[in-house]
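Each ligand, and each atom within it, is numbered from 1 in the order the structure gives.
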Amino acid sequence: MKAELLYEGKAKQVYRLEGTMDQLVLSYKNDATAFNGKKKESFDGKGRLNNEISSRIFSFLHDKGIETHFIEKWNENEQIVQQTEIIPLEVVVRNLATGSITKRLGIEENTPFDPPIVELFFKDDELNDPLINDEHALFLSSVTESELQEIKEKALKINVALTELFQSINISLVDFKLEFGRLACGSIVLADEISPDTCRLWDLNTQEKMDKDVFRQGTGDLIEVYNVILQRLEDLS
Ligand code: UDP
């Protein structure tokens with residue numbers, strides 16, 4: 001059973017899991033938002049797809065030795081996670097240039113980044129999640145210098161694991177966003193979700209976009225492409 005609603009974001013609700021002090025229920029909504037909430041639409045089945053996809057990816061990362069908040073998938077739209085205090089940083093890893101970096105730095109679309117680029121954004125809707133540097137991150141969050149290095153190293157390790165996973169289902173992992181959280185014991189683990197809402201996923205053969213860009217750009221059927229991602233992940237197991 002769920003107890004009280006603790007938080008409601010654009011894509012998820014967060015409840016306390018009844019009978020526990022430190023476990024949460026993440027309830028995935030059907031809403032899709034883009035451009036900081038300016039574009040919004042609801043898609044039947046989106047919550048189920050992201051819950052399923054993110055559960056599979058977090059289990060995969062756990063098996064690769066990466067510590068996460070994920071405990072288990074609970075039902076169609078919900079999963080149980082360890083409570084953390086979310087660090088207000090969006091950690092973006094880029095393998096190929098697209099999206100905001102091409103406009104900001106005038107980099108040609110599809111330019112490969114080798115080594116991959118890690119960027120930090122301050123998680124603050126009112127400020128439009130600005131790009132920040134390490135010193136800003138140390139000032140704006142509770143992380144220490146060595147924790148910040150640890151976060152970046154983890155992000156790159158996750159990139160290696162996920163690039164391989166997606167390659168095995170014929171998808172190019174172009175870029176993605178991670179969030180980290182602090183457990184009560186003080187250590188920092190991967191939190192939030194990893195799904196087509198938070199990654200750019202392109203079909204390796206056709207270059208077709210299989211992620212939230214189809215909604216952002218109005219170029220395709222969100223449910224159809226999220227379904228393909230889940231289907232290919234399911235076919236792996
Ligand atoms: N991203 C995200 N949430 C955000 C911003 C970005 O999940 O609030 C993801 C996005 O899906 C992409 C990556 O982070 O996979 C890099 O996004 P970018 O900075 O290029 O932003 P955009 O072009 O979407 O503004």
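Look at Arg200 and you'll find a heavy atom under 4.0 Å from some atom of ligand 1. Residue Arg216 places a heavy atom under 4.0 Å from ligand 1. Distances shorter than 4.0 angstrom do not occur between any heavy atom of Val174 and any atom of ligand 1.
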Using the side chain to side chain donor-acceptor pair (under 3.5 Å) rule, take Arg182 and Ser187 through it: C-alpha gap first, then chi angles, then the decisive distance, then the call.
CA-CA 6 Å; Arg182 194 184 289 283; Ser187 63; over 6 Å; no
Run the numbers on Ser54 and Asn50 for side chain to side chain donor-acceptor pair (under 3.5 Å), then give the verdict.
CA-CA 6 Å; Ser54 194; Asn50 275 355; over 6 Å; no
Are Asp197 and Lys46 close enough, and set up right, to give a side chain to side chain contact (heavy atoms under 4.5 Å, CB included), and what steps lead you there?
CA-CA 10 Å; Asp197 269 14; Lys46 174 175 179 282; 2.7 Å; yes
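Within the 4.0 Å heavy-atom criterion, the part of Val92 lying near ligand 1 is the side chain and not the backbone.
Which parts of ligand 1 touch Asp197 is read off a 4.0 Å heavy-atom cut-off, strictly below it: atoms 7 (O), 11 (O). Listed by number with element, the atoms of ligand 1 under 4.0 angstrom from any heavy atom of Asp175 are 12 (C), 13 (C), 15 (O), 16 (C). Counting atoms of ligand 1 from 1 in the listed order, those under 4.0 Å from a heavy atom of Gly99 are 20 (O), 23 (O). The Glu90 neighbourhood of ligand 1 comprises atoms 4 (C), 5 (C), 8 (O), with distances under 4.0 Å to a heavy atom of that residue. Shown in contact with Asp129 at under 4.0 Å from a heavy atom are these atoms of ligand 1, numbered in order with element: 8 (O).
Centroid-to-centroid, the aromatic rings of Phe43 and Phe215 come within less than 6.0 Å.
Taking a distance limit of 4.0 Å, we find that atom 6 (C) of ligand 1 is approached by no protein heavy atom.
Each of Arg104, Lys152, Lys177 was checked for a salt bridge (Lys or Arg N to Asp or Glu O under 4.0 Å) with Glu119, and the lone residue meeting it is Arg104.
The shortest N or O to N or O distance between Arg94 and ligand 1 is below 3.5 Å. Considering backbone and side-chain atoms together, Lys103 places no N or O closer than 3.5 Å to any N or O of ligand 1.
Surrounding CZ of Phe35 are more than 12 heavy atoms belonging to other residues, nucleotides or ligands, all under 6.0 Å away.
For the side-chain hydrogen bond (donor to acceptor under 3.5 Å, both in side chains) test, residues two or more places apart in sequence or in another chain that qualify with Glu109 are Thr98.
Considering only non-hydrogen protein atoms, atom 25 (O) of ligand 1 sits nearest to Ser100 CB, 4.2 Å. Here the heavy atom of the protein found nearest to atom 9 (C) of ligand 1 is Lys177 CB, 3.6 Å.
Salt-bridge formation is not detected for the pair Lys123/Asp129: no Lys NZ or Arg NE/NH1/NH2 atom is positioned less than 4.0 Å from an Asp or Glu carboxylate oxygen. Salt bridge status for Arg232 with Asp235: absent, with no side-chain N to carboxylate O gap under 4.0 Å.
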